[in-house]
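Reading through the structure tokens given below for one structure.
In what follows, every heavy atom counts, from backbone to side chain, and hydrogens, waters and symmetry copies are set aside.
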Amino acid sequence: MFNISNKHEEFFDYLISNAEIFHKGALLAQGALKDLSKLDQHLQEVIDLEHKADATNAEVIRKLSVIFITPIDREDFYRLSCQLESCIDHLQGAITRLDTYHISQPSQASMDIMDKIVLMSGELKEIFALLKDISRNEGQLLERAERLSRQESDVDKLYRKEISRLFDGTQDLFDVIRWKDILGTMEDTADEVEDLGDIIKEVTMKYA
């Protein structure tokens, strides 16, 4: 039976919670790259965060199936929640690959790209806090979402430059294979964040 007793503002809190998880995960990944001796610890912490985010997303989907009135359309909450979870999944994939490929020394490009992802994750955390009052925060939401797009472009430039270096014919083949996959997953993470930013723009324009 549908519940129509209130607008259930707690859905925004679910999004804020997972945005904070993504930011924490990005900081852990950044820390892992700076000190790979602690990779196992950081990896487990990221996995734990990802499981928590999965549970939160599952709760969002469950509640959306039984609640009729929500602050914004249920379909929009679903898109925001699932895309945010995808960002977290890709981030976990990146740090997992550091372990899978037995990386003992980070590349400068990997650290630079992760620094950008940390900035993007912090931006998302601020965005979802503002999303509770779309009309009042329309300008900031659109500005911050556009900033995500610019940051993703910075990641693209770093990624393309490093891929060009990896394939210049002077690099060890195993390093080429390992870093192409790791960096590709990092770049995919930034792409997922940009896609989420596009959804945020759409939602903002729809409800402002």
Write down the atom of [X], the atom of [Y], and the distance for their closest heavy-atom approach.
X    : Y    : value
S110 : W179 : CB-CZ3, 3.5 Å
C87  : F22  : O-CE1, 3.5 Å
C82  : I61  : SG-CD1, 4.3 Å
G197 : A145 : O-CB, 3.7 Å
I182 : A94  : CG2-O, 4.5 Å
A53  : I21  : N-CD1, 3.9 Å

Just checking, is any N or O donor in the side chain of [X] or [Y] under 3.5 Å from an acceptor N or O on the other one?
X    : Y    : result
E192 : S86  : yes
D73  : Y207 : yes
D48  : Q44  : yes
H90  : T189 : no
D115 : Q30  : yes

Within a strict 4.5 Å, meaning less than it, do heavy atoms of the [X] and [Y] side chains meet?
X    : Y    : value
L49  : L28  : yes
E162 : S107 : yes
Q171 : D168 : yes
L91  : I95  : no
L84  : Y14  : no
F167 : K180 : yes
L33  : M186 : yes
M111 : M114 : no

*asked:* Applying salt bridge (charged side-chain N to carboxylate O under 4.0 Å, His left out) to E146 and K201, what does each step give before you reach the verdict?
replied: CA-CA 8 Å; E146 184 59 33; K201 290 178 190 176; 2.9 Å; yes
same_hphob_cluster([X], [Y]) at 4.5 Å side-chain heavy-atom cutoff:
X    : Y    : value
L124 : L119 : no
I88  : L43  : yes
I103 : V176 : yes
V66  : V60  : yes
I117 : L36  : yes

Rounded distance (nearest 0.5 Å) linking atom [atom1] of [X] with atom [atom2] of [Y]:
X    : Y    : atom1 : atom2 : answer
N18  : H23  : CG    : NE2   : 14.5 Å
E126 : L131 : CD    : CG    : 13.0 Å
Q92  : T185 : CD    : OG1   : 11.5 Å
Q140 : D133 : CD    : CG    : 11.0 Å
H42  : L98  : NE2   : CG    : 11.0 Å
L64  : E59  : CG    : CD    : 10.0 Å

*Under the side-chain contact (heavy atoms from CB on, under 4.5 Å) rule, what do L130 and R144 come out as? Steps first, then yes or no, please.*
CA-CA 10 Å; L130 293 168; R144 288 177 180 276; 3.7 Å; yes
*Does the T56 side chain pair with the main chain of K52, one donor and one acceptor, at a distance under 3.5 Å?*
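Yes, T56 side chain to K52 backbone: donor-acceptor pair under 3.5 Å.
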_Using a 3.5 Å distance criterion without hydrogens, assess whether the side chain of S164 forms a donor-acceptor pair with backbone atoms of R160._
no
*Positive for side-chain contact (heavy atoms from CB on, under 4.5 Å) with F11, one of L80, T70, I16, I72*: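 Of all the options given, the one that passes is T70.
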*asked:* Take a 6.0 Å sphere around NZ of K38 and say whether it holds more than 12 heavy atoms from other residues, nucleotides or ligands.
replied: no
*asked:* Could you check whether atom OH of Y78 has more than 12 heavy atoms from other residues, nucleotides or ligands sitting under 6.0 Å from it?
replied: no
*Compute the centroid of each ring, for F77 and then for F12, and state whether the two points are separated by less than 6.0 Å.*
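Distance test on ring centres: under 6.0 Å, yes.
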*Report the C-alpha distance between I199 and D76 in whole Å, list the side-chain angles of each, state the deciding distance to 0.1 Å, and finish with yes or no for side-chain contact (heavy atoms from CB on, under 4.5 Å).*
CA-CA 8 Å; I199 296 173; D76 292 322; over 6 Å; no
*Go through the steps for R178 and D175 under the test salt bridge (charged side-chain N to carboxylate O under 4.0 Å, His left out), then give the verdict.*
CA-CA 5 Å; R178 292 187 297 180; D175 282 341; 2.4 Å; yes
*Given L183 and L158, is the side-chain contact (heavy atoms from CB on, under 4.5 Å) satisfied, shown in steps?*
CA-CA 10 Å; L183 295 172; L158 290 167; over 6 Å; no
*Evaluate the salt bridge (charged side-chain N to carboxylate O under 4.0 Å, His left out) criterion for residues E152 and K116: first the C-alpha distance (whole Å), next the side-chain angles of each, then the deciding distance (0.1 Å), finally the verdict.*
CA-CA 8 Å; E152 192 278 334; K116 292 292 184 182; over 6 Å; no
_Check E143 with R147, please: is the shortest side-chain N to carboxylate O separation under 4.0 Å?_
yes
*Worked check of salt bridge (charged side-chain N to carboxylate O under 4.0 Å, His left out) between E20 and K24*: CA-CA 6 Å; E20 290 173 348; K24 289 176 184 176; 5.4 Å; no
*Evaluate side-chain contact (heavy atoms from CB on, under 4.5 Å) for M205 paired with L142, printing each intermediate quantity in order.*
CA-CA 9 Å; M205 295 302 296; L142 293 174; 3.8 Å; yes
